[in-house]
Amino acid sequence: MANSTTTTTTTTFFTFLLFFSTVANLANAKTHFHGFVVHETKVNRLCKTHNSITVNGQFPGPTLEVSNGDSLVIRVVNRARYNVTIHWHGVRQVRTAWADGPEFITQCPIRPGGSYTYRFTISGQEGTLWWHAHSSWVRATVYGAIIIRPRKGESFPFAKPNSDSVILLGEWWDANPIDVIREATRTGAAPNVSDAYTINGQPGDLYNCSKKDTVVVPVSSGETNLIRVINAALNQQLFFTIANHKFTVVGADASYVKPFTTDVLMLGPGQTTDVLIKGDQPPARYYIAARAYATAQGAPFDNTTTTAILQYEAINGTSSKPIMPTLPAFNDTKTATAFTTSFRSRDTPIVPTEIDENLFITAGLGINQCPPNANPKSCQAPNGTRFTASMNNVSFVLPSNFSLLQAHHQGIPGVFTTDFPGKPPVTFDYTGNVSTSLWQPIRGTKVYRLNYGANVQIVLQGTGIFTAENHPIHLHGYDFYVVAEGFGNFNPKTDTAKFNLVDPPQRNTVSLPVNGWAVIRFVADNPGTWIMHCHLDVHIGWGLAMVFVVDNGVGNLQTLEQPPQDLPTC
Ligand SMILES: *[C@@H]1O[C@H](CO)[C@@H](O)[C@H](O)[C@H]1NC(C)=O
Ligand SMILES: *[C@@H]1O[C@H](CO)[C@@H](O)[C@H](O)[C@H]1NC(C)=O
Ligand SMILES: *[C@@H]1O[C@H](CO)[C@@H](O)[C@H](O)[C@H]1NC(C)=O
Ligand SMILES: *[C@@H]1O[C@H](CO)[C@@H](O)[C@H](O)[C@H]1NC(C)=O
Ligand SMILES: *[C@@H]1O[C@H](CO)[C@@H](O)[C@H](O)[C@H]1NC(C)=O
Ligand SMILES: *[C@@H]1O[C@H](CO)[C@@H](O)[C@H](O)[C@H]1NC(C)=O
Ligand SMILES: *[C@@H]1O[C@H](CO)[C@@H](O)[C@H](O)[C@H]1NC(C)=O
Ligand SMILES: *[C@@H]1O[C@H](CO)[C@@H](O)[C@H](O)[C@H]1NC(C)=O
Ligand SMILES: *[C@@H]1O[C@H](CO)[C@@H](O)[C@H](O)[C@H]1NC(C)=O
Ligand SMILES: *[C@@H]1O[C@H](CO)[C@@H](O)[C@H](O)[C@H]1NC(C)=O
Ligand SMILES: [Cu+2]
C-alpha cells in the first residue's frame with residue numbers, strides 16, 4: 001500500500017544558520033529538507049478500497065523528527081485534484097507566518113499541479129506536534145507527527161525512556177471525506193459521522209477486515225516507553241486508555257508539564273499528550289483503545305472504538321486474546337474535566353499580569369433561517385434551516401481573492417474589516433435557555449487588531465445556542481497559558497480569584513468545557529494574521545473562527561519576514 005517516496009535526508013548549513021542566532025550550541029542545529037508529494041493512493045479499510053489523498057503514498061504521512069532549534073524546508077507538490085495547504089500545527093512560526101498554512105489566512109491554496117516550499121524554524125518547543133492539511137476536509141487523510149527532541153547535549157526533564165512511539169488518532173469515513181463535507185455544505189445539515197476511528201491509520205480488531213493490520217506497540221518488562229498521543233480526528237474529542245497500565249503525563253502540545261498519573265486521557269482534535277508507561281504488568285497483550293467523548297445532547301456521533309495492542313516482548317505470536325480496558329462513558333464530563341484540570345506547567349513561566357487587551361469571546365453553534373423561496377434541499381438542518389456557528393455572533397467567512405496575510409502585508413483594501421468585537425454584541429445568559437431570536441449570527445471576514453507585544457487575555461465562553469458542546473479552540477502562531485476553566489457563565493467577580501498565574505499549562509489548543517468557559521493569556525509577540533478556531537472541522541466550516549492581526553513591532557526581529565517568491569496566488 002504505502003509506496004513511500006523520497007524524503008531528503010538532513011543536511012547542515014553552518015553559514016545559513018549563523019543568521020539565526022549567536023547561541024553557541026546552535027552549531028548543532030540542523031536544517032531538514034523534505035519533499036511532500038500530495039497525491040491519490042489506494043487505501044483499503046473496512047473491507048473497501050478508497051482513493052485517498054496522501055503524502056508520498058503514506059497513510060498516516062511521514063513523521064518529521066527534529067530537535068529544538070532545527071529548521072525545516074519542506075517542498076509540497078500538489079498532484080491531487082483538490083486545493084491543498086499544509087499547517088504545522090503548534091509550530092510558533094515566529095516571523096514566518098507565510099509558512100503557517102491555513103488556506104486564505106496565510107496563503108492561497110496550492111492548486112492541483114502547483115507547489116510551495118514551507119521554511120520555518122522550531123524554537124523553544126519540545127515534545128510532540130503534528131502537521132495536517134488545512135483546506136476543506138483534506139486533512140482526514142493528510143496528516144503526520146512532528147517529534148521535537150531536546151537539543152543535542154540537552155536531555156528530557158525526566159529519565160530517558162527506553163523507547164519512543166507515536167500514536168496518531170484519526171477518523172475514517174467509508175466514503176470520500178470531501179464528498180461528505182460537500183454534501184453537508186449543500187444541504188445545510190450536519191455532515192455524516194465517521195465510520196471508524198483509527199490508531200496510526202488502522203481501525204483495529206473491533207472493526208471488520210481490520211484484524212490482521214491492527215497496530216502493535218511493543219513493550220519490554222521493566223522498561224519505560226514514551227508515547228506521543230496526537231488527536232488527529234476531524235470532529236471528535238477522544239478518550240484514550242491502555243488496559244491495566246497507568247500513564248504518567250509529562251507534556252502536552254510541545255510544552256512540558258509537572259508529571260501526573262492517570263488511567264485515561266482525553267484529547268480534543270489538535271491536542272497532543274506525551275505520556276510515559278512502564279512495562280510493569282504480567283507479560284501479555286493489552287488493548288490500547290480510544291472512543292468518543294461526545295457532549296452535544298442528542299447529536300449523532302461515531303460511537304465505535306479503535307484499538308491497537310500493547311504487546312510484551314516475552315509474548316510470542318498473536319494467539320492470546322488482548323485484555324480490554326474499560327473506557328469512560330461517552331458523556332463522562334467528570335473524567336474529562338478531572339484530566340484537563342490536572343495540567344501544570346513544569347517550570348514557573350512568566351505569565352502576563354498587566355493585561356492590555358481583555359477580550360470576552362463567545363463560541364457556539366447557530367441556525368440560519370432560509371428565505372421562503374429557498375430550495376428545501378439546501379435547508380435540511382432542523383425545521384428547514386441551515387447550521388452555522390460563530391464567535392461573538394460573527395460567523396467567519398474566508399476571503400477568496402487574497403490571503404489575509406497578503407492583504408495585511410500589502411495593504412490591499414476590501415479583503416477584511418478590523419471590527420471583530422472584543423465582547424459579545426449582546427449580553428445574555430450564555431449557557432441558559434437562549435432565546436431563538438439570538439440564534440442567527442451575522443457573516444463576515446472580521447479581524448481583531450493587536451499591537452505588537454500586547455498582553456492579551458481571552459475569556460472564551462461556550463454558549464447553549466442550539467446545543468452546548470465542548471469545543472477544542474486552537475490559536476495559530478502562539479502557545480497560550482490556560483489560567484482557568486469552569487462551567488456555566490464566566491463571572492469576573494468570583495472566577496478571577498481562581499486564576500492560576502503561577503504554573504498554568506502552555507497549550508495551543510484548549511478544551512472549552514461544554515456549557516462552560518476557559519481563560520487564556522498570551523503576549524502578542526508574533527506579527528502576522530493568526531486564526532483562532534474550533535478544531536472540529538465541522539464547526540470551522542460553519543464559521544466558528546476569528547482572526548487576530550498582530551502588527552509588526554520595532555526593528556527586524558519584531559517584523560514579519562518578506563513573503564517567499566513561490567507563495568501561491570489565488
Ligand atoms: C451520508 O449518509 C447517508 C445516509 O446513510 C447516505 O445516503 C449518503 O450517501 C452519505 N453521504 C456521503 C457523502 O457518503
Ligand atoms: C461487519 O460485517 C457484518 C457482515 O457484513 C455486518 O453485519 C456488521 O455490521 C459489520 N460490523 C461493523 C462493525 O461494521
Ligand atoms: C452505537 O449506536 C448504535 C445506534 O446508533 C447503537 O445501536 C449501538 O448500540 C451503539 N453502540 C454503543 C457501543 O453504544
Ligand atoms: C518465544 O519464542 C522463543 C523462540 O521461538 C522461545 O525461545 C521462547 O521460549 C518463547 N517464549 C514464550 C513465552 O513462549
Ligand atoms: C450519560 O448518558 C447516560 C445514558 O447513556 C445517562 O443515563 C446519563 O444521565 C448521562 N449523564 C450525563 C451527565 O448526561
Ligand atoms: C422546530 O419547530 C418546533 C415547532 O415550532 C419547535 O418546537 C422546535 O423547538 C424547533 N426546533 C428547532 C431546532 O428550532
Ligand atoms: C476581494 O474580494 C472582496 C470580496 O469579494 C471584494 O470586495 C474586493 O473588492 C476584492 N478585492 C480585490 C482587490 O479584488
Ligand atoms: C426555553 O425557552 C422557551 C421560550 O421561552 C420555552 O418555550 C422552552 O420551553 C424553554 N426550554 C427549556 C428547556 O426550558
Ligand atoms: C446576532 O446578530 C443578529 C443580527 O444583528 C441578531 O439578530 C442576533 O440576535 C445576534 N445574536 C447574538 C447572540 O448576539
Ligand atoms: C482553489 O483555490 C482557488 C484560489 O486559489 C479558488 O479560486 C478555487 O475556487 C479553489 N477550488 C476549490 C475547489 O475550492
Ligand atoms: Cu466546535
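Counting starts at 1 for both ligands and their atoms, following the listed order.
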When you pair each N or O of ligand 7 with protein N or O atoms, which pairs come out under 3.5 Å?
unit_1: ligand 7; atom_1: 2 (O); unit_2: Asn401; atom_2: OD1; d: 3.2
unit_1: ligand 7; atom_1: 2 (O); unit_2: Asn401; atom_2: ND2; d: 2.3
unit_1: ligand 7; atom_1: 11 (N); unit_2: Asn401; atom_2: ND2; d: 3.0
unit_1: ligand 7; atom_1: 14 (O); unit_2: Asn401; atom_2: ND2; d: 3.3

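Salt bridge Glu40/Arg79: absent, no basic N to carboxylate O contact under 4.0 Å.
Atom numbering of ligand 3 starts at 1 in the shown order; those under 4.0 Å from a heavy atom of Phe330 are 14 (O).
Each of Asn235, Asp302, Thr304 was compared with Ser194 under the side-chain contact (heavy atoms from CB on, under 4.5 Å) criterion, and only Asp302 meets it.
His533 and His134 have perpendicular rings, their planes meeting at more than 60° on a 0 to 90° scale where under 30° would count as parallel. The aromatic rings of His474 and His476 are tilted relative to each other, their planes meeting at an angle between 30° and 60°. Under the 30°/60° scheme for interplanar angles, the aromatic rings of His535 and Trp130 are found to be tilted. A perpendicular orientation is assigned to the rings of Trp172 and His50, their planes being inclined by more than 60° (bins at 30° and 60°). Ring pair Phe59/Tyr143 is perpendicular by interplanar angle, where above 60° counts as perpendicular and below 30° as parallel.
Inclusion of Asn303 in the set of residues having an N or O under 3.5 Å from an N or O of ligand 3 is warranted.
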